[in-house]
Amino acid sequence: QVQVVESGGGLVQPGGSLRLSCLASGSIFSIYRMGWYRQAPGKQRELVAVITSGGSTNYADSVKGRFTISRDNAKNTVYLQMNSLKPEDTAAYYCNVLSSNTGERVLGSWGQGTQVTVSS
């Protein structure tokens, strides 16, 4: 079973940057479509960025132009570079494997995620 561990969150001021990392287990990581989700208090979990095995990316409108998802298959890691952070980006961020067929998450649990707080 593939496992993922998120890291890199923290407290930053508006306009600041953070780089989140998602370390995945397994030697066939390169075939997986990966996604970053976030969930703010009182809100539903939102898929914010996706990267395919071929490196194609897609973003939610709320983060487009500010966030960049990338992957390093040699390190079994997916990154989320977050620039120009806004208070509304405050959330717990999670990664997961996504189905190439439906886009839905593959891993059954979300884990701990990593907290991003954007505040003055």
Side-chain angles (χ1 to χ4, degrees):
Q1 187 93 342
V2 174
Q3 293 181 305
V4 295
V5 179
E6 304 94 341
S7 62
L11 194 156
V12 297
Q13 293 185 328
S17 297
L18 285 173
R19 192 191 197 195
L20 307 185
S21 297
C22 172
L23 177 64
S25 65
S27 60
I28 55 173
F29 170 78
S30 62
I31 74 172
Y32 299 142
R33 179 181 302 222
M34 302 294 296
W36 280 99
Y37 298 75
R38 68 184 181 187
Q39 186 169 29
K43 298 181 180 178
Q44 294 190 79
R45 200 182 304 268
E46 173 191 21
L47 179 63
V48 299
V50 174
I51 186 165
T52 70
S53 60
S56 298
T57 59
N58 197 24
Y59 303 91
D61 289 341
S62 57
V63 308
K64 195 171 297 182
R66 300 186 297 117
F67 290 11
T68 302
I69 187 172
S70 62
R71 66 194 300 159
D72 186 337
N73 290 336
K75 297 181 179 179
N76 285 0
T77 301
V78 176
Y79 304 98
L80 187 67
Q81 178 67 46
M82 305 185 296
N83 299 324
S84 302
L85 283 163
K86 304 175 180 179
E88 50 263 49
D89 295 318
T90 296
Y93 284 73
Y94 306 85
C95 65
N96 213 308
V97 181
L98 305 181
S99 169
S100 60
N101 184 35
T102 67
E104 67 184 284
R105 66 175 174 130
V106 172
L107 303 182
S109 61
W110 288 104
Q112 296 298 312
T114 186
Q115 178 67 38
V116 172
T117 302
V118 185
S119 176
S120 299

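Here the structure is a predicted model, which means the values were calculated and not measured.
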Colleague: Going from OG on Ser7 to OH on Tyr79, what distance comes out if it is rounded to the nearest 0.5 angstrom?
Modeller: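 It comes to 9.0 Å.
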Colleague: Within the 4.5 Å heavy-atom criterion, are Val12 and Met82 side-chain neighbours or not?
Modeller: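 Counting from C-beta outward, Val12 and Met82 never come under 4.5 Å.
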Colleague: Walk me through whether Cys95 and Val78 qualify under side-chain contact (heavy atoms from CB on, under 4.5 Å).
Modeller: CA-CA 8 Å; Cys95 65; Val78 176; 5.9 Å; no
Colleague: Are Ser62 and Glu46 close enough that a side-chain donor and a side-chain acceptor fall under 3.5 Å?
Modeller: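 The answer is yes; a qualifying pair exists.
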Colleague: How many angstroms lie between atom CG of Leu107 and atom CG of Leu98, to the nearest 0.5 angstrom?
Modeller: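 These two atoms lie 9.0 Å from each other.
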Colleague: Do you reckon Trp36 sits in the same ILVMFWY cluster as Phe29, going by side-chain contacts under 4.5 Å, direct or chained?
Modeller: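 Both belong to a single hydrophobic cluster.
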Colleague: Following the transitive rule for hydrophobic clusters with a side-chain heavy-atom cut-off under 4.5 Å over Ile, Leu, Val, Met, Phe, Trp and Tyr, establish whether Leu85 and Tyr37 coincide in one cluster.
Modeller: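 Not linked; separate clusters.
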Colleague: Tell me the closest heavy-atom pair linking Ala91 and Ala40, and the distance in Å.
Modeller: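 Closest heavy-atom pair between Ala91 and Ala40: CB-N, 3.7 Å.
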Colleague: Checking side chain to side chain contact (heavy atoms under 4.5 Å, CB included) against Cys22, which of Val4, Asn76, Leu80 comes through?
Modeller: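 Only one option passes, and that is Val4.
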Colleague: Around Lys64, counting heavy atoms of other residues, nucleotides and ligands shown, do more than 12 lie under 6.0 Å from its NZ?
Modeller: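 Correct, the count exceeds 12.
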Colleague: Just by modelled atom types, is the Val106 backbone N or O under 3.5 Å from a matching donor or acceptor in the Ser99 side chain?
Modeller: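 Side chain of Ser99 to backbone of Val106, a donor-acceptor pair under 3.5 Å: no, none is there.
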Colleague: Tell me whether Leu20 shares a hydrophobic cluster with Phe67, the cluster being built from Ile, Leu, Val, Met, Phe, Trp, Tyr side chains joined at under 4.5 Å.
Modeller: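 Result: yes, single cluster for both.
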Colleague: Hydrophobic clustering (ILVMFWY, side-chain heavy atoms < 4.5 Å, transitive) - are Ile69 and Val5 grouped together?
Modeller: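 Per the 4.5 Å side-chain linkage, Val5 and Ile69 are not co-clustered.
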Colleague: Decide yes or no for Val50 and Arg33: does some side-chain heavy atom of the first lie under 4.5 Å from some side-chain heavy atom of the second?
Modeller: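 In contact.
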Colleague: Measuring from Gln115:CD to Gln39:CD, what's the distance to the nearest 0.5 Å?
Modeller: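 Spacing of CD (Gln115) from CD (Gln39) equals 10.5 Å.
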Colleague: Heavy atoms only: give me the nearest Ser84-Asp89 pair and the separation to one decimal.
Modeller: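 That closest heavy-atom pairing would be O-OD2, 4.4 Å.
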Colleague: Working to the nearest 0.5 angstrom, can you tell me the gap between Arg71 CZ and Thr77 OG1?
Modeller: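 If I round to the nearest 0.5 Å, the distance is 10.5 Å.
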Colleague: If we ignore hydrogens and angles and just use 3.5 Å, is the side chain of Thr114 paired with the main-chain N or O of Glu6 as donor and acceptor?
Modeller: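 Answer holds: no.
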Colleague: CG of Asn83 to CG of Leu18: how many Å apart, nearest 0.5 Å?
Modeller: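 Answer for the CG-CG pair, Asn83 versus Leu18, is 9.5 Å.
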Colleague: Would you kindly confirm whether Met34 and Leu47 end up in one hydrophobic cluster when ILVMFWY residues are joined by side chain heavy atoms under 4.5 Å apart?
Modeller: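 Cluster IDs for Met34 and Leu47 differ.
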Colleague: Once you round to the nearest 0.5 Å, how far does OG of Ser30 lie from CG of Asp72?
Modeller: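 The CG atom of Asp72 is 11.5 Å from OG of Ser30, to the nearest 0.5 Å.
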Colleague: Should the ring pair Trp110 and Tyr94 be called parallel, tilted or perpendicular, given that the plane angle runs from 0 to 90° and is split at 30 and 60?
Modeller: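 Perpendicular.
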